[in-house]
Amino acid sequence: MTRKNWTRHELVAAFNLYLQIPFGQIHQRNPKIIELAELIGRSPSAIGLKLSNFASFDPILKARGIKGMSNAAKADREIFEEFYNNQEELVFESETVIAKLENKPMADKFKNELPDIKSMQGKERSSYIKSRVNQHFFRKVVLTNYNDSCAITGISIPTLLIASHIKPWAKDKDNRLNPSNGICLSVLYDKAFDRGLITLDDNYKIVLSSMLLEYSSKEFFHSNFGKIENKKIFLPEKYLPNTDFLKWHQENIFDKVK
């Protein structure tokens with residue numbers, strides 16, 4: 001029986017799923033893999049093999065000594081390289097492909113993420129959809145990466161969790177959707193990180209700013225900050241926070257905002 005070549009639509013849909021699944025969960029019994037297999041008309045084992053092919057090109061996994069399949073196709077490499085060179089375009093394309101396979105218009109599928117869409121038309125509307133869909137995807141990937149729990153407290157209430165950017169969305173366009181540029185934090189610590197009151201050192205331990213230490217005599221300080229000083233965050237399953245991004249945060253955000 002001749003194998004059917006993978007189309008680009010199938011590849012980008014599979015890559016979308018790859019970014020959301022820890023390496024140890026890539027197998028044909030995974031419900032998400034089964035769901036995608038039914039959607040694109042391939043077997044769960046074929047999807048699992050394709051995700052393992054992507055893993056063979058993943059620099060994050062390589063750095064952790066994890067290897068994927070050794071016979072990955074050229075097209076698999078090209079998709080992976082395209083993601084790192086043009087994340088926003090590829091992520092949005094993949095979400096668009098999946099919505100079409102599900103026979104769902106983007107505006108309907110992501111209606112909860114698009115509260116202002118009715119007031120928009122033309123390019124403004126298209127740009128708004130793309131930005132919001134990509135932000136939603138980044139949140140999904142980051143929260144999955146941290147097992148849907150705050151990296152500091154372990155809180156797992158979804159409405160209290162934020163996919164925090166290490167380098168802010170507006171500061172680094174090329175890494176807006178890079179999973180290693182995200183940390184799952186609860187609302188309080190997301191705001192403290194964003195405002196430079198806390199940061200992480202190169203060993204992923206929490207450092208408190210001098211501004212925050214001014215409140216060390218207050219009860220709320222000990223309840224919320226004193227107890228986390230020098231604590232190592234809960235490390236994610238796949239994408240560790242990029243140490244270059246952390247260094248940027250230490251130098252440009254931490255202890256700088258008054």
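- Of all non-hydrogen atoms in Ser164 and Leu185, the two that sit nearest each other are OG-CD1, 3.6 Å.
- Annotation for Ser45 and Gln28: closest pair CB-OE1, 3.2 Å, computed over non-hydrogen atoms.
- Note that the CD atom of Gln250 and the OG atom of Ser209 stand 13.0 Å from one another [nearest 0.5 Å].
- Under the 4.5 Å side-chain contact rule for hydrophobic residues, Ile228 and Leu235 share a cluster.
- A donor-acceptor contact shorter than 3.5 Å links the side chain of Ser180 to the backbone of Leu240.
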- [ ] Could you give me the CA-CA distance, side-chain angles and deciding distance for Lys238 and Ile21, then say whether side chain to side chain contact (heavy atoms under 4.5 Å, CB included) is met?
- [x] CA-CA 9 Å; Lys238 189 174 182 179; Ile21 295 183; 5.8 Å; no

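- Closest non-hydrogen pair, Gly196 versus Met211, comes out as O-CE, 4.4 Å.
- Taking CG from Asn230 and CG from Leu208, the interatomic distance works out to 7.5 Å, rounded to the nearest 0.5 Å.
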Open item on the list: As a quick check of understanding, evaluate side chain to side chain contact (heavy atoms under 4.5 Å, CB included) for Ile47 and Leu51, giving each step before the final call.
Closed with: CA-CA 6 Å; Ile47 300 296; Leu51 300 191; 4.3 Å; yes

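- A donor and an acceptor atom, one from each side chain of Glu214 and Ser210, are nowhere located under 3.5 Å apart.
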Open item on the list: Checking Leu11 against Glu78 for the side chain to side chain contact (heavy atoms under 4.5 Å, CB included) test, could you report, in this order, the C-alpha distance in whole Å, the side-chain angles of both residues, the deciding distance, and whether it holds?
Closed with: CA-CA 10 Å; Leu11 286 172; Glu78 290 173 348; over 6 Å; no

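- At a threshold of 4.5 Å between side-chain heavy atoms, the hydrophobic network of Ile, Leu, Val, Met, Phe, Trp and Tyr places Leu161 and Leu177 in two separate groups.
- With hydrogens and angles ignored, the 3.5 Å screen pairs no side-chain donor or acceptor of Asn147 with any backbone N or O of Ser149.
- Annotation: the span from Asn203 atom CG to Lys232 atom NZ amounts to 6.5 Å, rounded to 0.5 Å.
- The shortest side-chain heavy-atom distance between Phe57 and Ile79 does not fall under the 4.5 Å cut-off.
- At least one donor-acceptor pair under 3.5 Å links the side chain of Ser56 to the backbone N or O of Asn53.
- For residues 174-203, the ring-ring contact (aromatic ring centres under 6.0 Å, His included) pairs, not counting sequence neighbours, are Tyr189-Phe225, Phe193-His249.
- A ring-ring contact (aromatic ring centres under 6.0 Å, His included) check over residues 84-131, counting only residues at least two apart or in different chains, returns the pairs Phe80-Tyr84, Phe110-His136.
- Hydrophobic cluster membership is shared by Leu90 and Trp169, with clusters built from Ile, Leu, Val, Met, Phe, Trp and Tyr side chains linked at under 4.5 angstrom.
- Annotation for Lys140: atom NZ counts as buried by contact number, over 12 foreign heavy atoms lying within 6.0 Å.
- Shown here for Pro44 and Ile33, the closest heavy-atom pair between the two residues is O-CG2, 3.5 Å.
- Cluster annotation: Leu101 and Ile34 are assigned to distinct hydrophobic clusters (Ile/Leu/Val/Met/Phe/Trp/Tyr, side-chain heavy-atom contacts under 4.5 Å, transitive).
- The number of heavy-atom neighbours closer than 6.0 Å to NZ of Lys111, taken from other residues, nucleotides and ligands shown, is 12 or below.
- The distance from the CG atom of Asn86 to the NZ atom of Lys173 is 8.5 Å, given to the nearest 0.5 Å.
- Panel note: side chain Asn85, backbone Glu81; a donor-acceptor pair is recorded below 3.5 Å.
- Here the side chains of Ile117 and Arg132 are not in contact, with every heavy-atom distance at 4.5 Å or above.
- The ring pair (Phe, Tyr, Trp, His ring centres under 6.0 Å) search around Phe245 returns none, not counting sequence neighbours.
- In terms of modelled atom types and a separation under 3.5 Å, the side chain of Asn30 and the main chain of Gln25 share a donor-acceptor contact.
- Counting only heavy atoms from C-beta outward, the side chains of Glu102 and Leu39 approach each other to under 4.5 Å.
- Inter-residue side-chain proximity for Tyr18 and Ile26 is flagged as met; some heavy-atom pair is nearer than 4.5 Å.
- When side chains are defined from C-beta on, Phe15 does not count as touching Glu82, because their heavy atoms never get closer than 4.5 Å.
- At a threshold of 4.5 Å between non-hydrogen side-chain atoms, the residues Leu143 and Cys184 count as touching.
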Open item on the list: Let's go through Ile198 and Ile152 carefully: what are the C-alpha distance in whole Å and the side-chain angles of both, what is the deciding distance for side chain to side chain contact (heavy atoms under 4.5 Å, CB included) to 0.1 Å, and is it a yes or a no?
Closed with: CA-CA 11 Å; Ile198 62 174; Ile152 293 176; 4.1 Å; yes

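- Pairs engaging residues 220-229 under the side-chain hydrogen bond (donor to acceptor under 3.5 Å, both in side chains) rule: Glu219-Ser223 [sequence neighbours left out].
- Taking hydrophobic clusters as Ile, Leu, Val, Met, Phe, Trp and Tyr residues chained together by side-chain heavy-atom distances below 4.5 Å, Phe23 shares a cluster with Val142.
- With a 4.5 Å cut-off on side-chain heavy atoms, Gln135 and Glu113 do not count as touching.
- By the neighbour-count criterion of 12 heavy atoms within 6.0 Å, atom CD of Glu35 is sparsely surrounded, having that number or fewer from other residues, nucleotides or ligands.
- A donor-acceptor contact under 3.5 angstrom links the side chains of Asn175 and Asn178, judged on distance only.
- Tyr204 places a side-chain N or O within 3.5 Å of a backbone atom of Pro241 that can act as its donor or acceptor partner.
- Nearest heavy-atom pair across Lys50 and Ala14 is CG-CB, 4.1 Å.
- Taking CH2 of Trp248 as the reference point, atom CG of Asn242 lies at 13.0 Å (rounded to 0.5 Å).
- One finds no salt bridge joining Lys130 and Glu88 here, because no Lys/Arg side-chain nitrogen approaches an Asp/Glu carboxylate oxygen to under 4.0 Å.
- From Leu19, atom CG reaches atom OG of Ser94 across 7.5 Å, with rounding to the nearest 0.5 Å.
- Every side chain to side chain contact (heavy atoms under 4.5 Å, CB included) that Glu10 has, sequence neighbours left out, goes to Lys4, Trp6, Thr7, Ile40, Arg42.
- Side-chain atoms of Glu93 and Thr96, non-hydrogen and from C-beta on, never get closer than 4.5 Å to each other.
- Each ring-ring contact (aromatic ring centres under 6.0 Å, His included) pair with one or both residues in residues 142-161, not counting sequence neighbours, would appear here, but there are none.
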